[in-house]
Amino acid sequence: MLIRRPKGYVLKDNDVTPQPSYLRRREFLAAFVAAGGTLALPNAAQAKRFSQTDYAPLTGHKTGYSVKDPLSPWEAVTTYNNYYEFGTGKADPAKKAHKLITDPWTVTVEGEADKTGTYALEDLIDYNALEERIYRHRCVEAWSMVIPWVGVPLADVLKKFAPNSRAKYVQFFTKYSRKEMPGTFWPVLDWPYREGLRMDEALNPLPFLAVGVYGRVLPNQNGAPLRLVVPWKYGYKSIKSIDRIGFSETMPETSWNQSNAREYGFYSNVNPLVEHPRWSQASERVIGPQRGFAGALARRDTEMFNGYGDAVATLYAGMDLHKNH
Ligand code: MTE
């Protein structure tokens with residue numbers, strides 16, 4: 001059940017959060033710590049590569065949305081990351097993202113919807129009804145992974161806010177904290193990181209809000225405690241650590257488009273026929289189980305819509321996908 005909060009009111013998580021979901025998230029975290037688990041909160045001395053068992057278990061029921069491709073290893077998924085708020089190097093997020101405080105966590109909802117306000121994460125995500133979805137992830141930098149996410153369909157969460165008929169787009173923001181995010185000291189992007197989808201894209205069954213990966217709670221470097229996964233678009237659309245969602249009538253700003261509109265369009269659908277101005281998108285380096293993830297890797301031809309065309313091609317019927325890249 002979703003409880004409406006007055007705008008700007010940040011709730012205390014023990015007063016208004018529905019008991020079962022509140023207890024479920026807190027209980028398994030507490031039980032995990034009691035059992036000797038360390039949780040994803042390393043201190044500086046622990047700056048090492050974390051094994052899967054360092055994170056609390058979080059499983060979801062399997063659905064028909066998963067691909068059959070072999071998984072990229074946990075090690076690659078959690079140490080080869082893009083999360084510029086913690087630095088622009090691929091290894092920076094795994095080293096520095098422990099500084100991000102993810103509990104308690106709220107999401108503020110604003111704009112063209114009936115149920116705006118500030119919500120506890122536990123009000124938005126039903127931890128008793130999580131799904132696991134194995135999705136292909138295609139980064140714009142021409143590498144790809146196959147990742148088992150745990151979470152809920154984005155559409156299920158957005159519908160709770162009752163977007164009105166003027167809501168044509170939805171925008172997402174990442175938390176912005178100079179103190180917790182050392183990379184935001186540099187003006188690499190206009191912080192906070194922001195992304196957006198057209199409403200019909202957002203309500204398609206594929207976009208997923210992940211709270212876990214590989215049967216564990218999300219490591220911070222992967223976007224804890226709540227991140228978007230849009231598998232037919234380049235990876236930068238899949239915004240991490242979301243703390244604000246806005247509905248609007250007009251197309252919202254997106255970080256990479258603001259930074260370089262020629263190279264990064266609003267849609268950013270995976271498309272092997274539309275070259276990035278500086279490199280080809282026709283094929284990709286697969287970061288898979290073969291030979292770790294740093295060595296000589298397999299290549300595969302990039303598929304239109306990252307192989308998800310059956311589910312999403314109709315969203316773009318009649319559109320010029322070169323112009324609307
Ligand atoms: N979200 C935020 N807030 N900041 C970022 O720098 N990088 C994006 C996306 N989401 C990014 C972000 C890019 S470029 C990619 S490829 C994916 O996150 C990487 O997700 P992963 O590290 O979990 O594989």
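Whatever order the structure lists ligands and atoms in, that order sets their numbers, starting from 1.
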For [Y], is there an ion pair with [X] - N to carboxylate O distance below 4.0 angstrom?
| X | Y | value |
| --- | --- | --- |
| Glu180 | Lys99 | no |
| Glu141 | Arg285 | no |
| Glu284 | Arg299 | no |
| Glu275 | Arg278 | no |

In the protein, which heavy atom is nearest to [atom], and how far is it?
| atom | result |
| --- | --- |
| atom 5 (C) of ligand 1 | Tyr193 CE1, 3.3 Å |
| atom 6 (O) of ligand 1 | Tyr84 N, 2.8 Å |
| atom 21 (P) of ligand 1 | Lys240 NZ, 3.4 Å |
| atom 23 (O) of ligand 1 | Arg227 NH1, 2.9 Å |
| atom 17 (C) of ligand 1 | Gly235 O, 3.5 Å |

For [X], take its heavy atoms, then give the atoms of ligand 1 lying under 4.0 Å from any of them.
| X | result |
| --- | --- |
| Tyr83 | 2 (C), 3 (N), 4 (N), 5 (C), 6 (O) |
| Glu85 | 2 (C), 3 (N), 4 (N), 5 (C), 6 (O) |
| Ser238 | 9 (C), 10 (N), 18 (O) |
| Cys139 | 16 (S) |
| His137 | 16 (S), 17 (C), 19 (C), 20 (O), 24 (O) |

How are the rings of Phe305 and Tyr316 set to each other: parallel, tilted or perpendicular (split at 30° and 60°)?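 Correct class here is parallel.
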In terms of the angle between their ring planes, are Phe161 and Tyr119 parallel, tilted or perpendicular, with boundaries placed at 30° and 60°? tilted
Verify the neighbour count for atom CG of Asp310: are there more than 12 heavy atoms of other residues, nucleotides or ligands below 6.0 Å? no
Trp256 and Tyr84: CA distance, side-chain angles, deciding distance, ring-ring contact (aromatic ring centres under 6.0 Å, His included) verdict: CA-CA 12 Å; Trp256 283 102; Tyr84 278 18; 5.6 Å; yes
Distance-only, no hydrogens or angles: does the [X] side chain make a donor-acceptor pair with backbone N or O of [Y] under 3.5 Å?
| X | Y | result |
| --- | --- | --- |
| Asp54 | Ser51 | yes |
| Lys240 | Asn82 | yes |
| Thr79 | Glu75 | yes |

For ligand 1 and [X], I'd like to know whether there is a polar contact (N/O to N/O, distance under 3.5 Å).
| X | value |
| --- | --- |
| Trp149 | no |
| Asn82 | yes |
| Tyr236 | no |
| Trp143 | no |
| Gln221 | no |

Applying a 4.0 Å heavy-atom criterion (strictly less than), which segment of Met145 is in contact with ligand 1: side chain, backbone, both, or neither? neither
Under a 4.0 Å heavy-atom limit, does Thr174 contact ligand 1 with its side chain, its backbone, both, or neither? side chain
